[in-house]
2 protein chains.
Amino acid sequence: MTPDTLPKPRKSPVQARSAATVEAILEAAARILESEGLDGYTTNAIAKRAGVSVGSLYQYFPNKDAITAALVLSDSELMATRMQEVRASYTARPIRECIDALIDVAVCHQFDRPMLARLIDLEEHRLGQDFGLKAAKQKIVMVVRNLLESSEIDLPFDLDTTTQDVFALAHGITDAAGLNGETDRAHLNARIRHAVLSYLGLPTS
Amino acid sequence: MTPDTLPKPRKSPVQARSAATVEAILEAAARILESEGLDGYTTNAIAKRAGVSVGSLYQYFPNKDAITAALVLSDSELMATRMQEVRASYTARPIRECIDALIDVAVCHQFDRPMLARLIDLEEHRLGQDFGLKAAKQKIVMVVRNLLESSEIDLPFDLDTTTQDVFALAHGITDAAGLNGETDRAHLNARIRHAVLSYLGLPTS
DNA sequence: TTTTAATGCGAGCTATTGCTCATATTTATA
DNA sequence: TATAAATATGAGCAATAGCTCGCATTAAAA
């Protein structure tokens with residue numbers, strides 16, 4: 001029914017092999033979500049694909065949701081890191097180029113494994129954000145928000161709304177393209193770029 | 001006794017009460033998806049909320065997926081009908097007004113029950129499209145495709161791509177707004193209108 | 001080496017889910 | 001009214017899920 005108490009850590013890996021186990025579990029979970037969807041996403045299947053036993057799995061994760069939460073969190077943190085890096089390395093260059101690079105990061109993140117991205121999105125909302133996810137998400141949003149704020153662009157709506165919509169429309173286009181089986185990432189980038197720039201009132205150039 | 005010994009397609013409602021049962025089941029299924037998500041979405045729960053027994057449920061649906069498929073299909077058909085109606089009643093008026101009306105239809109469809117819309121979307125891809133869904137989806141797409149084709153707009157990309165992206169970005173913005181708890185539909189409409197029109201290279205007016 | 005802690009294992013318990021079937025009740029038909 | 005057809009019921013079955021627990025194995029500490 002209502003989401004249970006938050007997934008709390010069980011054991012922390014101390015030796016190298018256990019860290020590898022944890023990593024294998026998370027990777028297996030991602031692969032199963034990607035290839036089998038929620039149907040095949042069982043703890044037994046995860047353990048099997050990871051090459052470990054269920055018992056080992058439950059030594060590091062208190063329950064199934066904790067695995068999903070760890071997956072979701074690491075996904076967001078990776079995204080946050082990448083976007084911050086891009087932003088940092090483009091501070092001295094025209095904003096248009098930074099936008100291009102950020103779009104490419106976002107598209108890469110979602111486009112190659114569309115089903116995984118979609119299911120992670122779904123699980124995010126089921127699990128809530130009380131496990132560090134909110135902070136990671138905030139980092140991601142802030143990159144774009146700060147970029148827009150520091151720019152001289154005359155935004156079509158208020159700063160937060162504009163930021164949210166830019167993310168949302170890019171996400172929507174990528175999602176549709178991914179599920180549609182498209183493979184041309186450059187073309188996808190161009191379309192999102194067009195959508196974002198025109199939404200912001202900038203010349204598509 | 002029974003003429004057929006093999007599993008045959010389920011009954012079609014003949015009497016009025018059975019039609020009501022079918023309707024109650026579909027409505028209950030939608031309500032459960034909306035309020036409980038996939039977790040609470042069990043056949044027993046559906047039957048209970050519909051006020052019928054599981055046995056009755058399985059007289060009209062061969063399995064759980066058939067319920068979901070019926071839900072998905074009726075959802076798409078409703079959308080197709082509404083969009084075709086709007087398109088028909090706006091043939092003599094400026095294309096901008098038609099776009100506005102179509103956006104409103106799409107937003108209404110998704111915004112009031114965002115979780116339901118999201119889960120229906122997910123299930124669509126799990127179930128495939130071999131139950132009449134493809135036709136309904138095609139109807140929806142065709143409304144916008146024909147509108148764009150017959151217009152004098154210089155499209156930013158080819159017709160199909162542009163059509164898909166317009167849907168996708170509107171969908172993305174609505175999805176984010178819905179999950180974000182927004183309630184101002186007019187404001188949402190304005191934002192999507194801005195996104196669509198600028199994507200199409202039309203003045204936001 | 002011996003001892004202790006960390007890690008790994010997987011059969012199987014408990015709860016739940018999708019679904020059936022024998023039976024009961026309501027409606028249509030003769 | 002009598003008979004058949006349609007509809008409704010819900011206890012319970014088979015399958016499967018999440019998860020535990022006693023024990024085996026490996027690595028670190030003494």
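Hydrogens, waters and symmetry mates play no part in the numbers below; they use all other heavy atoms, side chains included. Just so we're on the same page: letters track the sequence lines, and every chain starts at 1. What you see is a predicted model, and the numbers here were worked out from it, not measured in a lab.
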Rounded distance (Å) that lies between atom [atom2] of [N] and atom [atom1] of [X]:
{"X": "A/Q59", "N": "C/dA6", "atom1": "CD", "atom2": "C1'", "value": "8 Å"}
{"X": "A/I25", "N": "C/dT7", "atom1": "CD1", "atom2": "P", "value": "12 Å"}
{"X": "A/I46", "N": "D/dG18", "atom1": "CD1", "atom2": "P", "value": "8 Å"}
{"X": "A/Q15", "N": "D/dT25", "atom1": "CD", "atom2": "P", "value": "17 Å"}

List the residues meeting side-chain contact (heavy atoms from CB on, under 4.5 Å) with [X], not counting sequence neighbours, and say none if there are none.
{"X": "B/K139", "answer": "B/A80, B/Q84"}
{"X": "B/A50", "answer": "B/A24, B/I25, B/A28, B/V52"}
{"X": "B/N63", "answer": "B/D65, B/A66"}
{"X": "A/A168", "answer": "B/I173, B/A176"}

Problem - Nucleic acid contacts - residues 27-40 of chain A versus DNA chain C, non-hydrogen atoms under 4.0 Å - result: none
Would you say [N] has OP1 or OP2 under 4.0 Å from some side-chain N or O of [X]?
{"X": "B/S53", "N": "D/dG10", "answer": "no"}
{"X": "B/T21", "N": "D/dA8", "answer": "yes"}
{"X": "A/Y60", "N": "C/dG8", "answer": "yes"}

Handout entry: salt bridge (charged side-chain N to carboxylate O under 4.0 Å, His left out) pairs, two or more places apart, involving residues 53-62 of chain A
Key = none
Practice task
Just call it for B/F61: base, sugar-phosphate, or nothing, with non-hydrogen atoms closer than 4.0 Å on any strand.
Solution key: nothing
Practice task
Can you establish whether the number of heavy atoms outside A/R96 located under 6.0 Å from its atom CZ is more than 12?
Solution key: yes
Problem - Pairing of A/R126 and A/E123 as salt bridge, 4.0 angstrom limit - result: yes
Completion exercise
Sorted by chain and number, sequence neighbours left out, ring-ring contact (aromatic ring centres under 6.0 Å, His included) with B/F131 holds for none
Within the sub-3.5 Å range, which N or O atoms of nucleotides 19-25 of chain C have a protein N or O partner, and how far apart are they?
from	atom 1	to	atom 2	distance (Å)
C/dC19	OP2	B/Y58	OH	2.7
C/dC19	OP2	B/K64	N	2.6
C/dC19	O5'	B/Y58	OH	3.3
C/dC19	N4	B/N44	OD1	3.2

Problem - Summary of side chain to side chain donor-acceptor pair (under 3.5 Å) pairs that have at least one residue in residues 108-117 of chain B, sequence neighbours excluded - result: B/E34-B/R113, B/D75-B/H109
Practice task
Go through C/dT7, C/dC9, D/dT7 for me and flag the one nearest to the B/S18 side chain.
Solution key: D/dT7
